[in-house]
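All remarks here apply to the structure that follows.
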Amino acid sequence: MARPNLKSLLRLSQFAVNLNLNKTTQLTNLSKSLITQNRNFSTSKIIRQDTSNNNAPATKINFYVEEYKDKGYMVLKFNKAPVNSLNLEFLTELNIQLDKIEQSKDIKGVILTSHLPNIFSAGLDILEMYQIKQERGTQFWTALQETWIKLYGSNKIFIAAINGHSPAGGCLLAMSCDYRIMTKGPYKIGLNETLLGIKAPFWFRDTMINTIGYRETEKALQLGKLYSPEEALAVNLVDEIVDANVLIQKAEEQMVKWCSIPTVARELTKSSMRRDTVSKLIAQRESDTQSFIEFTQRDSIQKSLKGYLEAMKKPKK
Ligand SMILES: CCCCC/C=C\C/C=C\CCC/C=C/C(=O)SCCNC(=O)CCNC(=O)[C@H](O)C(C)(C)COP(=O)(O)OP(=O)(O)OC[C@H]1O[C@@H](n2cnc3c(N)ncnc32)[C@H](O)[C@@H]1OP(=O)(O)O
């Protein structure tokens, strides 16, 4: 597709609310989630019903999991082609993974990365906001809140190995980790919501404040800034930038270091740093969801989404 998103976001954010898409995109319900796990390698499978062909449900592997129980950590790789966009099915499955991780006695930490080249995550799936029924929207937003609460509030060590673009919700996932290493290259990371004509939710904002500080967040959010790896390093949005071929190796080196810290002391310290931020969303989950539903159901937002989707679908030149 033409890439309006990063290159022409400013133009897009203002653009036409008058486009007429004839196509109606409907998301199907999650039917079932199957998780298979072996000792050292596992995949998480999701079966999805496709209304266009109900006789042939597609099987997708949304995550690859490599467990190194002897070393006390695992690598969780997103694998939802083409861009690891966060939809209800993906988030539901991720939440199951996060629950398993939290309950595991063998796993102290997780390296979060993507199996897909050049992309960590494109953030929220735009289709989850376009022409959705209230019930689906509520499930989607609740699942997203759940993911963030589990990830940002986890006792475990999370290291993000960011191997490509990471805008908006992708940046939120990365910021929710304890340490971030990003691949050098033509990639962008940041909360670019204002360029889409929307305000980042308060818990996105608070996570960024906790990561890069108030003043930088104030600028970043208003400008919808998408940082290059070098710029991200300069403001501590990421902690290291490395060549792609050593990304996982560097993440593993960090993981070994973090795993060597006395666990209870580290966990208590992490919790003391993050508890208040997490509690704030927990106290406001319902109203936050209501705001999302109310906002996405506005005609003006639906028209913008329609235009955004159409622009994303334009053929590559
Ligand atoms: C516009 C108004 C928005 C209004 C929203 C309304 C309400 C929301 C209320 C609250 C939510 C607030 C918080 C929001 C957080 C978010 O995360 S919003 C999502 C923001 N993310 C983006 O805008 C990213 C868009 N994508 C890109 O910039 C690029 O795709 C890329 C990540 C840089 C990767 O580029 P490239 O490798 O060149 O891949 P393509 O651009 O060709 O894309 C491949 C296919 O993937 C589809 N796609 C890309 N991103 C998304 C996405 N976020 N959701 C769904 N689908 C996506 C793209 O259409 C391509 O599909 P086709 O192959 O053409 O079918």
Side-chain angles (χ1 to χ4, degrees), residues 1-17 19 21 23 25 27 78 80-91 114 116-132 136-138 140-145 147-148 162-176 185-208 221 224-228 281 288-317:
M1 86 181 198
R3 204 172 304 168
N5 351 27
L6 295 178
K7 289 183 183 160
S8 319
L9 278 170
L10 269 171
R11 181 176 59 78
L12 277 168
S13 65
Q14 296 158 351
F15 92 168
V17 286
L19 290 165
L21 272 188
K23 196 170 72 176
T25 308
L27 285 165
F78 304 146
K80 181 176 171 290
V83 290
N84 293 324
S85 63
L86 308 176
N87 69 358
L88 175 58
E89 288 77 14
F90 186 81
L91 291 169
S114 165
L116 309 176
N118 306 317
I119 182 85
F120 182 71
S121 167
L124 305 193
D125 194 318
I126 299 291
L127 293 173
E128 289 288 12
M129 300 179 260
Y130 180 59
Q131 294 189 350
I132 43 148
R136 172 84 187 194
T138 302
F140 167 67
W141 198 251
T142 302
L144 179 69
Q145 291 173 334
T147 300
W148 179 78
I162 308 161
N163 60 313
H165 293 296
S166 195
C171 179
L172 180 76
L173 292 182
M175 289 192 301
S176 302
Y187 307 123
K188 296 288 184 185
I189 181 169
L191 295 184
N192 57 326
E193 278 79 354
T194 51
L195 298 188
L196 303 173
I198 55 179
K199 185 184 79 160
F202 73 86
W203 39 289
F204 285 49
R205 177 200 65 203
D206 290 350
T207 308
M208 184 170 249
L221 287 187
K225 182 160 176 63
L226 285 165
Y227 296 82
S228 68
L281 175 61
D288 183 61
T289 305
Q290 283 305 317
S291 301
F292 171 74
I293 296 295
E294 188 275 324
F295 188 70
T296 47
Q297 287 184 345
R298 286 183 199 169
D299 285 347
S300 59
I301 294 299
Q302 285 301 313
K303 284 174 183 167
S304 295
L305 282 165
K306 194 184 266 190
Y308 193 57
L309 279 167
E310 187 172 88
M312 285 213 297
K313 293 289 174 197
K314 276 181 189 161
K316 284 185 168 73
K317 286 180 184 169

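The shown structure was predicted, so the numbers you read here are calculated from the model rather than taken from an experiment. For ligands, and for the atoms within them, numbers begin at 1 and follow the listed sequence. Computed over heavy atoms, backbone and side chain alike; hydrogens, waters and symmetry mates excluded.
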Any donor-acceptor N/O pair, Asn163 side chain to Leu116 backbone, under 3.5 Å: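 Yes; at least one donor-acceptor contact below 3.5 Å.
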Does only the side chain of [X] get under 4.0 Å from ligand 1, or the backbone, or both, or neither? Count heavy atoms.
X	value
Ile198	side chain
Glu193	side chain
Pro201	side chain
Pro82	side chain
Ile119	side chain

contact_flag Leu196 ligand 1 heavy-atom lt 4.0 Å: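 Contact present.
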Any Val83 heavy atom less than 4.0 Å from ligand 1: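 Yes, that is the case, since the closest heavy atom of the residue is under 4.0 Å from the ligand.
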Glu310 and Lys306 ion-paired at < 4.0 Å: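 Not counted as a salt bridge, because no side-chain N and carboxylate O are separated by less than 4.0 Å.
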Which atoms of ligand 1 have any heavy atom of [X] under 4.0 Å away?
X	result
Gly169	16 (C), 17 (O)
Gly123	17 (O)
Met129	5 (C), 6 (C), 7 (C), 8 (C)

Phe78/Phe90 aromatic ring centres below 6.0 Å: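 Yes, close enough.
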Exercise: identify the closest heavy-atom pair between Glu128 and Leu88: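 Minimum heavy-atom contact is OE2-N, 2.7 Å.
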Identity of the nearest option to atom 22 (C) of ligand 1, non-hydrogen atoms only, from Pro186, Ala122, Ser166: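 Closest candidate by heavy-atom distance is Ala122.
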